[in-house]
Amino acid sequence: MPENLYELDSPTYRMAVAQFEEAAECMNLDPNLRERFKVPRRALVVSIPIRMDNGRVKVFQGYRVQHDDSLGPTKGGIRYHPSVTLGEVAALAMWMTWKCALVGLPYGGAKGGVRCNPADLSKNELQRLTRRYTAEILPLIGPEMDVPAPDVGTNAQTMAWMMDTYSMQKGYSVPGVVTGKPIPIGGSLGREEATGRGVVYTVLEAMKHLKLDPSKATAVVQGFGNVGSHAARILSENGMKVLAVSDSKGGIHSPKGLNLPRLLEHYAAHHSFAGFPDISPITNAELLEMPCTVLVPAALSEVITEKNADRIQCRILAEGANGPTTPTADKILTDRGVFIIPDILANAGGVTVSYFEWVQDLQQYFWKEKEIHEKLYDILTSAFQRVLALSQKKKVGMRLAAQMHGIEKIAQAHLARGLYP
Ligand code: NAD
């Protein structure tokens with residue numbers, strides 16, 4: 001029998017708990033906190049009945065999980081994907097807790113999701129789904145309580161519908177209820193590209209540490225959505241040759257390096273790589289195994305496992321996606337000398353600029369893009385240096401050091417606040 005509800009359906013949850021247990025052991029975490037941190041504070045499961053365009057009603061299942069709120073409101077994206085489960089959302093919420101604490105944001109971790117395939121839904125169906133999902137989780141969200149953002153399968157439009165639904169219930173506009181919104185309704189400059197930009201800032205910091213020259217480096221990116229497409233572009237703007245990129249249908253490869261501005265234009269127009277000149281097709285499995293300096297998985301979790309870890313040939317693995325590497329694969333890669341920038345550090349740029357957006361919304365005072373990039377750079381490079389220093393001091397890998405750092409901050413908050421009642 002599984003120990004708790006979240007384990008029932010999710011290898012991702014078991015993976016998040018295994019990573020946590022390893023860090024807890026290594027840092028000698030208080031056994032009472034250890035029990036508490038393995039499970040979320042609360043989880044809501046909702047049914048979302050939607051009238052489809054053909055007149056029939058279809059019921060979708062949705063979730064919102066809040067892992068820990070000891071530092072402030074909880075924060076985390078909303079995922080629309082056919083494989084979303086309660087356990088997966090709980091795992092992602094736990095990672096959000098460590099991530100926010102690691103980079104020093106006054107937030108706890110949360111995540112939400114609806115099990116659906118957004119590609120099969122019309123824009124009107126997506127709008128009805130989003131509004132009803134928002135109405136169902138409304139008692140749990142709010143600028144002081146829990147602030148959603150985009151994740152896989154959702155975007156600025158989804159956030160606009162969520163903000164509008166919440167605001168209509170309140171009777172006045174509440175921009176701070178979600179982040180990742182369109183600019184005209186309180187979105188932040190720099191938010192859309194923030195996760196990809198943050199990945200690149202951490203890669204550049206790793207290169208300095210490893211004494212690698214970006215202008216001689218090559219990069220490969222899996223996933224060409226929000227995180228992957230911006231990461232690929234900004235890697236190339238920093239002088240790296242991007243050899244290959246992919247989406248769920250497969251990838252493309254060019255030994256000369258892809259022309260990212262042209263590729264982004266082509267992809268925006270066609271929603272596909274098909275027809276792009278001077279490239280050869282490549283599968284997602286082949287792409288991960290290409291020799292390169294930097295590999296950025298920026299799609300789904302558990303793509304690097306014990307089955308392919310031996311064949312991964314990068315020098316730096318920068319985890320744009322959440323949970324792309326299983327614990328067994330992590331050990332294999334670490335033994336082989338791959339420098340890993342773990343997800344909770346590499347992709348923390350998204351939640352960092354979401355935090356900037358929330359602060360701007362609450363103050364109703366908006367910042368310039370240059371200021372956003374600079375503040376993001378400061379936060380991520382100092383988090384990178386803290387993790388690197390801890391990993392050297394404790395002689396552990398970057399993932400374990402990042403987890404320990406985040407967990408320690410949450411542990412201090414719990415010990416200071418004490419156990420209610
Ligand atoms: P997205 O929906 O914008 O893009 C996902 C991309 O992955 C798409 O290109 C899709 O075609 C591709 N993909 C889907 N299934 C695939 C498969 N089986 N093989 C290869 N590619 C596949 O999502 P996103 O917001 O870019 O998120 C990507 C990852 O980054 C997720 O793990 C997410 O949790 C993480 N992340 C996102 C943010 C953010 O701000 N959006 C922040 C932190 C972490």
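Not measured: the values here are computed from a predicted model. All residue numbers refer to positions in the sequence shown, counting from 1. Counting starts at 1 for both ligands and their atoms, following the listed order.
At the shortest separation from atom 18 (N) of ligand 1 among protein heavy atoms lies L300 CD1, 4.3 Å. Here the heavy atom of the protein found nearest to atom 10 (C) of ligand 1 is S248 N, 3.9 Å. In this structure, the protein non-hydrogen atom closest to atom 33 (C) of ligand 1 is D151 OD1, 3.2 Å. Scanning the protein heavy atoms around atom 23 (O) of ligand 1, the nearest turns out to be V152 CA, 3.4 Å. Shortest contact from atom 2 (O) of ligand 1 to any protein heavy atom: G153 N, 3.0 Å.
The R191 neighbourhood of ligand 1 comprises atoms 40 (O), with distances under 4.0 Å to a heavy atom of that residue. Heavy-atom proximity to R79, at under 4.0 Å, picks out these atoms of ligand 1: 31 (C), 32 (O), 33 (C), 34 (O).
For the pair Y267 and ligand 1, the shortest N or O to N or O distance does not fall below 3.5 Å. Some N or O of N226 is nearer than 3.5 Å to an N or O of ligand 1, by distance alone. For ligand 1, one of its N or O atoms has an N or O atom of T195 under 3.5 Å away. At least one N or O atom of F224 sits closer than 3.5 Å to an N or O atom of ligand 1. Between V227 and ligand 1, at least one pair of N/O atoms sits closer than 3.5 Å.
Ring planes of F339 and H209: tilted class, angle from 30 to 60°. Ring geometry, F356 versus W367: the interplanar angle falls from 30° to 60°, so the pair is classed tilted.
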**OP:** Apply side-chain hydrogen bond (donor to acceptor under 3.5 Å, both in side chains) to R42 and Q66, showing your working.
**Re:** CA-CA 5 Å; R42 54 166 87 93; Q66 298 169 349; 2.8 Å; yes
**OP:** For the pair R131 and Q127, evaluate side chain to side chain contact (heavy atoms under 4.5 Å, CB included) and give the outcome as yes or no after the intermediate values.
**Re:** CA-CA 6 Å; R131 289 186 179 280; Q127 176 165 185; 3.0 Å; yes
**OP:** Begin from the C-alpha positions of Y63 and R115 and carry the test side-chain hydrogen bond (donor to acceptor under 3.5 Å, both in side chains) through to its verdict.
**Re:** CA-CA 9 Å; Y63 311 93; R115 193 183 307 166; 3.0 Å; yes
Original post:
Could you go step by step and tell me if K181 and D164 meet the salt bridge (Lys or Arg N to Asp or Glu O under 4.0 Å) rule?
Top reply: CA-CA 11 Å; K181 296 179 295 294; D164 185 65; over 6 Å; no
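Residue-level proximity to ligand 1 for K249 is absent, since no heavy atom of it falls below 4.0 angstrom. At a heavy-atom cutoff of 4.0 Å, ligand 1 is contacted by the side chain of N284 but not by its backbone.
Remark: among candidates G225, G198, A231, A194, the nearest residue to atom 8 (C) of ligand 1 is G225, based on non-hydrogen atoms. Evaluated by nearest non-hydrogen atom to atom 35 (C) of ligand 1, the leading choice among N322, V351, L288 is N322. Taking each of P150, G250, G350, A299 in turn, the one with a heavy atom nearest to atom 29 (C) of ligand 1 proves to be A299.
For the atom pair CD1 (I344) and CD1 (I407), the distance works out to 7.5 Å, reported to the nearest 0.5 Å. Taking OG1 of T97 as the reference point, atom CG of D68 lies at 5.0 Å (rounded to 0.5 Å).
The one candidate from T130, L126, N155 that meets the side-chain contact (heavy atoms from CB on, under 4.5 Å) condition with P118 is L126. Under the side-chain contact (heavy atoms from CB on, under 4.5 Å) rule, S354 has a single partner from T179, L105, V178, V147, which is T179.
For H414 and F37, the gap between ring centers is short of 6.0 Å.
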